[in-house]
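Below is one structure, written out as structure tokens, with a few remarks after it.
Counting convention: from 1, in listed order, for ligands and their atoms alike. Throughout, residue positions are numbered sequentially from 1 according to the sequence presented.
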Amino acid sequence: MYQGTPDYVTTNLDFIKKVLIKEFDSFPDRWDMTRSNMVEESLRANFLTIKEGDEWRKIRQRCTPAFTSGKMKKLLPPMNHCAEELCDFLEQFAKSGKDFALKDTFSKLTMNVIGRCVFASDFNSLQSADSDVPLLHYSKKLFEVKLMSPSIILLLSFPNLCRFYQQITKRSVIQHDVDQFFIKALSGVMEQRLNDPEAKDKYTDAVQLLLNAMEEEKETKFTKEDSDIISETVEKVNKRALTRMEILAQLVIFLVAGYETTATTLHFVTYLLAQRPEVQDKVRDEVNEIFGDNTEIGYEDVSKFVYMNAVIDETLRIFPPATRLNRQCQRDIEIDGVKFVKGSTFTAPIYAIHHDPEIYENPEEFIPERFLPDEVSSRHPMAFLPFGAGPRICLGMRFAEYELRVTLAWIIKKFKFLPADEKLAWPLELDSNGGLIKSKYELKCKIVKL
Ligand code: HEM
């Protein structure tokens, strides 16, 4: 049982594949404890992550053009720009020789990348304290909905009362201030674009793509390369345009889903490289060969990384930012003798799968070679699920993959990463309160300029 709902959890990879892909029509949505109590027109009720059925299909279809391979090409210059800025920022730590906190630094970088790629704005996060970057402050807060917070307890104990309160006041019981902040901040950007007759030709960021989608009914053409983020299930959908609240909500979810997950991965990968100089040197050799004396990492360069890919994937295996994923059953169905009734849930325990010794020998060891192409092709496709799978797979997967590679290439080329003075025991002690993985103790390292 999960919060009063029957939940079936398994590490059986064939079974997981059936639920996430083959029987997707019976398991199209995520289970969300707060969904039924949300004010329909509220910001979070419109998040793609929470939307159900045809409403989800429509929004996913509209958002996908922002993440296609063609769009990624255009996003590489801003990603390179942010990575270069990060290198300038890191110089102070190289000069001081002191330990520095990885998570804080990479959170600011990923916020800047989202700023430039999604909002075509400079958030300048690196130079500011957290409290001076309101988007960072409120994005962190949006993630802080804890299972045992007073508002959640209230919601679970008195759902009807909460629904009544929300309908009357149009205020969300959970974090009303956060919703208000985002609505105010992003409405401004939207209005400015709507009032600019040249905006359509001037901007290519996600805000503009979604605004175009709001007005236009045009069909989007997807290439074969895009098949990993768009499925046929999504394409067969009514073509109603998006409302303003729907657009606002997706911008917020891109910001929130995009910054914490990618920053978490970058901070773990850098930490691991600092502990393993021989792996770090190997990545650097590859980077130097591909990056050379060029001024930025290009679209074709990214696809040439082999060892760096293996390092990133092995990091995502050991530390998957989302430790599990779930689906809610929409109609009674039996799969391999397991009966699901409508409303029950299914959980794929990503962390447990990634640490299963039957799948990965010595799972606590950092062995990037496990992710060299031949090894990957001999493994079950569901053995590695950091971005989920099936039609509801992470929409920002490719965005994250590019951001991780571009950033890592820049910092590895410019700096050597060394262990911090303060040593932590391995395996690291982790905390996944709220579903996202965290190290219990702050991860730090030292750097030397090359
Ligand atoms: C290392 C970085 C990231 C990781 C590990 C990650 C992981 C995930 C996972 C596990 C899911 C659930 C998939 C499922 O249920 O099958 C998900 C969904 C999602 N992610 Fe990511 N994510 C990352 C980066 C991003 C970025 C950069 C964005 C946007 C800019 C993003 C936007 C989304 C959205 C919108 C969904 C919901 C998709 C839907 O319901 O259709 N993610 N992500």
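Between D301 and K304, at least one side-chain N (NZ, or NE/NH1/NH2) sits under 4.0 Å from a carboxylate O, which counts as a salt bridge. Using a 4.0 Å cut-off between charged side-chain N and carboxylate O, E246 and R62 make no salt bridge. By the 4.0 Å N-to-carboxylate-O rule, R392 lies close enough to D29 to be salt-bridged with it. Taking 4.0 Å as the cut-off between side-chain N and carboxylate O, K103 and E260 count as a salt-bridged pair. Note on E365 versus R370: no salt bridge recorded, every NZ/NE/NH1/NH2 to OD/OE distance being 4.0 Å or above. One finds a salt bridge joining E314 and R317 here, because a Lys/Arg side-chain nitrogen approaches an Asp/Glu carboxylate oxygen to under 4.0 Å.
Counting only heavy atoms of the protein, atom 24 (C) of ligand 1 lies nearest to T261 OG1, 3.3 Å. In this structure, the protein non-hydrogen atom closest to atom 37 (C) of ligand 1 is T49 CG2, 3.4 Å. Among all non-hydrogen protein atoms, the one lying nearest atom 27 (C) of ligand 1 is G258 CA, 3.3 Å. The protein atom (non-hydrogen) at minimum distance from atom 1 (C) of ligand 1 is T265 OG1, 3.5 Å. For atom 32 (C) of ligand 1, the closest non-hydrogen atom of the protein is A257 CB, 3.6 Å. Nearest protein heavy-atom contact of atom 16 (O) of ligand 1 is R327 NH2, 2.7 Å. Scanning the protein for heavy atoms near atom 19 (C) of ligand 1, the closest one is C394 CA, 3.7 Å. Ranking protein heavy atoms by distance to atom 28 (C) of ligand 1, first place goes to G396 CA, 3.5 Å.
A distance below 6.0 Å separates the ring centres of F27 and F340. Aromatic pair F384/H354: ring centres closer than 6.0 Å. Aromatic rings from F366 and F268 are positioned such that their centres are separated by 6.0 Å or more.
On a distance-only criterion, W56 and ligand 1 share at least one N/O pair closer than 3.5 Å.
At least one heavy atom of R30 sits less than 4.0 Å from an atom of ligand 1. Under the 4.0 angstrom criterion for non-hydrogen atoms, K51 is not in contact with ligand 1. Using 4.0 Å as the threshold, F47 has no heavy atom nearer than that to any atom of ligand 1.
Residues R60 and T64 have side chains in contact (heavy-atom distance under 4.5 Å, counting atoms from C-beta outward).
Atoms of ligand 1 found under 4.0 Å from any heavy atom of F254, numbered from 1 in the order shown, are 29 (C), 30 (C). Those atoms of ligand 1 that come under 4.0 Å of a heavy atom in A400, given as number and element, are 2 (C), 24 (C). Remark: ligand 1 atoms within the under-4.0 Å shell around heavy atoms of P321 are 5 (C). Ligand-side atoms of ligand 1 in range of L48: 35 (C), 38 (C), 39 (C), 40 (O), 41 (O), range being under 4.0 angstrom from any heavy atom. The contact set between ligand 1 and A322, taken as ligand atoms under 4.0 Å from a residue heavy atom, comprises 10 (C). Near G388, with a cut-off below 4.0 Å to any heavy atom, the atoms of ligand 1 are 10 (C), 13 (C), 14 (C), 16 (O). Ligand-side atoms of ligand 1 in range of L325: 14 (C), 16 (O), range being under 4.0 angstrom from any heavy atom. Set against the non-hydrogen atoms of A389, the atoms of ligand 1 under 4.0 Å away are 16 (O).
In P386, the part holding a heavy atom less than 4.0 Å from any atom of ligand 1 is the backbone. With a heavy-atom cut-off of 4.0 Å, F399 touches ligand 1 through its side chain alone. Only side-chain heavy atoms of R60 come within less than 4.0 Å of ligand 1; its backbone N, CA, C and O stay farther off. Of the heavy atoms in C63, none comes closer than 4.0 Å to ligand 1.
Atom 9 (C) of ligand 1 has its nearest heavy-atom neighbour, among F387, Y402, F319, in F387.
The number of heavy-atom neighbours closer than 6.0 Å to NZ of K342, taken from other residues, nucleotides and ligands shown, is 12 or below. More than 12 heavy-atom neighbours from other residues, nucleotides or ligands sit within 6.0 angstrom of NZ on K413. Few gaps surround CD on E334; more than 12 heavy atoms of other groups in view lie less than 6.0 Å from it.
In this structure, a donor-acceptor pair under 3.5 Å is absent between the side chains of H267 and D104. Using a 3.5 Å distance cut-off with no hydrogens or angles, the side chains of R276 and Q280 do not pair a donor with an acceptor.
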